[in-house]
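Below, all heavy atoms of this structure are taken into account, side chains as well, without hydrogens, waters or symmetry copies.
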Amino acid sequence: MDRNLIALLRVPYGKGGARPGAEQGPDALVKAGLVRHLSQLGLQTTDEGAVLPPGAQDSGTQASGTKLKHLEEIAALNSDLADRVADVASSGRFPLILGGDHSIAIGTIAGLTRHYRNLGVIWFDAHGDLNTEDTSPSGNIHGMSLAVNFDQGHPLLTRIRRESSRIDPSKVVIIGARSLDEGERAYIRQAGIACFTMHDIDRKGMPYVMEQALRILGDGTDGVHLSFDIDSLDPAEAPGTGTPIPGGVSYREAHLALEMMYESGLITSAEFVEVSPPLDSQKRTVRLAIGLIGSLLGEQIL
């Protein structure tokens, strides 16, 4: 994988979330100058276009026998996305996926695990996204995407991974969590997932957390994917997101984390999700997301 060759893939989809708006995130990032910014870093970026929902209009109703919202459409979209991501990964370029809500991680990771046999994952998020139909209080699939990648959840979603290698829970690290449902807490403990909450960041600092995360992921993996939800940041820094939770990661903590990921040389793909322009303030969140992507891909202060 050549991280100087960036394959940009947009997924303008927001029905997996609680509020509309995330579907506008990918185009907002591009229009605000993301590709130009990457070019200034000496990176060669190719636009792979967008992955869109299937042609048939979603009825907006829930599939029979389930409380999961937009299940069939989300399953079809992620199946297509998995194919596209697998193709990009096989080409030797760095897949950079712009969401959309976090339900797109179902397809992103499924596609990557067709290429990488021992994929590690950094899940940078205020939430665990480890709910299933049984534990979800809302039925919103963006809160289930990591669970699906552990083969937990509705068969329409888990079967997207049918051609993929399994993810080892011990090679998944959650960073920035501060809103976990009880079922998610139990699953984290039972599965042995490393989870660094905001309590850990407050007590030990982001440098310690990242050193531990990169140590875990540097052992026995052949690739590491970053799944970055912008709601990991404090809403004072990133107001443009659909599920803001107070007390999040600061501007400099986020940049430092991504700078350390770049320096490690471990990251082989990334997705940035849940940027919602209608909820933003003077494009603050859009500009912040572009800067964070820059830090992940080598931008330095000096």
Indicate, with yes or no, if the rings of Trp123 and His102 have centres closer together than 6.0 Å. yes

Sub-3.5 Å donor-acceptor pair from the side chain of Glu133 to the main-chain atoms of Lys67, do we have one? yes

Given 3.5 Å as the limit, does a donor-acceptor pair link the side chain of Ser39 with the main chain of Val35, or not? no

Side-chain donor-acceptor contact under 3.5 Å, Glu184 with His127: no

Just by distance, with hydrogens left out, do Glu271 and Thr108 show a side-chain donor and acceptor under 3.5 Å apart? yes

Check: Val286 and Lys31 side chains under 4.5 Å, non-hydrogen atoms: no

Just so I know, are the side chains of Pro235 and Thr241 near enough to count as touching, which here means a heavy-atom distance under 4.5 Å? no

Provide the closest heavy-atom pair for Arg166 versus Phe150 in the form atom of the first, atom of the second, distance. NH2-O, 4.4 Å

Should Ile267 and Val249 be regarded as members of a common hydrophobic cluster, given that ILVMFWY residues are connected when their side-chain heavy atoms come within less than 4.5 Å of each other, either directly or indirectly? yes

Following the transitive rule for hydrophobic clusters with a side-chain heavy-atom cut-off under 4.5 Å over Ile, Leu, Val, Met, Phe, Trp and Tyr, establish whether Leu81 and Val88 coincide in one cluster. no

Considering all heavy atoms, the nearest Gly242-Leu279 contact: CA-CD1, 3.8 Å

In this structure, are over 12 heavy atoms from other groups packed under 6.0 Å from Arg36 atom CZ? no

Between CD of Glu253 and CG of Asp202, what distance do you get to the nearest 0.5 Å? 7.5 Å

Under 3.5 Å, is there a donor-acceptor pair between the side chain of Asp200 and the main chain of Thr197? yes

Do the non-hydrogen side-chain atoms of Phe124 and Leu258 ever get within less than 4.5 Å of each other? no

Gly248 and Arg178 have their tightest heavy-atom pair at CA-CZ, 3.2 Å

Does the side chain of Asp125 pick up a donor-acceptor pair with the side chain of Ser232 at under 3.5 Å? no

For Thr113 and Ile109, indicate whether the former's side chain and the latter's backbone hold a donor-acceptor pair under 3.5 Å. yes

Keeping Arg185 on the side-chain end and Leu180 on the backbone end, is there a donor-acceptor pair under 3.5 Å? yes

Do the numbers put Arg3 on top of the ring of Tyr262, so that NZ or CZ is under 6.0 Å from the six-membered ring centre and no more than 45° off the axis? yes

Any donor-acceptor pair under 3.5 Å linking the side chain of Asp222 with the backbone of Arg117? yes

Any salt bridge (Lys or Arg N to Asp or Glu O under 4.0 Å) pairs touching residues 83-102, not counting sequence neighbours? Glu48-Arg93, Asp83-Arg114

Nearest 0.5 angstrom please: Ile293 CD1 to Leu29 CG, how far? 5.5 Å

Below 4.5 Å, heavy atoms only, C-beta onward: do Leu77 and Val11 meet side chain to side chain? yes

Could you please spell out the steps behind the side-chain hydrogen bond (donor to acceptor under 3.5 Å, both in side chains) verdict for Thr132 and Asp134? CA-CA 5 Å; Thr132 65; Asp134 293 333; 4.6 Å; no

With a 4.5 Å heavy-atom cut-off, do Leu130 and Ile174 have their side chains touching? yes

Any side-chain to backbone donor/acceptor pair from Lys171 onto Asp219? Under 3.5 Å, distance only. yes

Taking all atoms of both residues into account, what is the closest heavy-atom pair of Leu297 and Leu43, and its distance? CB-CD1, 3.7 Å

CZ-CE distance between Phe228 and Met261, expressed to the nearest 0.5 angstrom: 7.0 Å

Any side-chain heavy-atom pair from Met1 and Tyr116 closer than 4.5 angstrom? yes

Is the count of non-hydrogen atoms from other residues, nucleotides or ligands lying under 6.0 Å from Gln40 atom CD greater than 12? yes

Report yes or no: do Leu256 and Val173 belong to one cluster of Ile/Leu/Val/Met/Phe/Trp/Tyr joined by side chain heavy-atom distances under 4.5 Å? yes

Hey, could you give me the CD1/CD distance between Ile141 and Glu73, rounded to the nearest 0.5 Å? 10.0 Å

Kindly determine whether Ile74 and Ile104 satisfy side-chain contact (heavy atoms from CB on, under 4.5 Å), including the steps that lead there. CA-CA 8 Å; Ile74 290 172; Ile104 72 161; over 6 Å; no

Using modelled atom types and a 3.5 Å cut-off, is there a donor and acceptor pairing between side-chain atoms of Asn140 and backbone atoms of Lys69? no

Salt-bridged, Glu259 to Arg252, with N to O below 4.0 Å? yes

The test is side-chain contact (heavy atoms from CB on, under 4.5 Å); show your working for Ile201 and Ile175 and say whether it passes. CA-CA 9 Å; Ile201 294 171; Ile175 298 175; 4.2 Å; yes

State yes or no: do Ile230 and Leu8 share one hydrophobic cluster built from I, L, V, M, F, W and Y residues joined by side-chain heavy-atom distances below 4.5 Å, directly or via other members? yes

Check the pair Arg161, Asp151 against salt bridge (Lys or Arg N to Asp or Glu O under 4.0 Å), reporting the backbone distance first and the verdict last. CA-CA 8 Å; Arg161 296 186 39 77; Asp151 296 323; 3.3 Å; yes

Please step through side-chain contact (heavy atoms from CB on, under 4.5 Å) for the pair His154 and Leu71, ending with a clear verdict. CA-CA 9 Å; His154 196 283; Leu71 170 62; 3.6 Å; yes

Can you tell if the side chain of Leu5 reaches within under 4.5 Å of the side chain of Phe94, non-hydrogen atoms only? no

Please give me the minimum heavy-atom distance between Tyr13 and Ser103, naming the atom from each residue. CD2-OG, 4.4 Å

Decide whether Val121 and Leu9 are clustered together by the hydrophobic rule: side chain heavy atoms of Ile, Leu, Val, Met, Phe, Trp, Tyr closer than 4.5 Å, transitively. yes

Distance, nearest 0.5 Å, that separates CG of Asn131 from CG of Asp181: 4.5 Å

Tell me, do Thr285 and Pro239 make a side-chain contact under 4.5 Å, heavy atoms counted? yes

To the nearest 0.5 Å, what is the distance between CG (Leu292) and NE2 (His255)? 4.5 Å

Restricting to non-hydrogen atoms, name the atom on Leu214 and the atom on Leu266 that form the minimum distance, rounded to 0.1 Å. O-CD1, 3.6 Å

Examine the side chains of His142 and Asp129 and answer whether a donor and an acceptor come within less than 3.5 Å of each other. no

I'd like to know if the side chain of Thr221 and the backbone of Asn118 have a donor-acceptor N/O pair within less than 3.5 Å. no

Is there a side-chain contact (heavy atoms from CB on, under 4.5 Å) between His37 and Glu299 once you walk through the steps? CA-CA 10 Å; His37 191 81; Glu299 186 170 12; 2.7 Å; yes

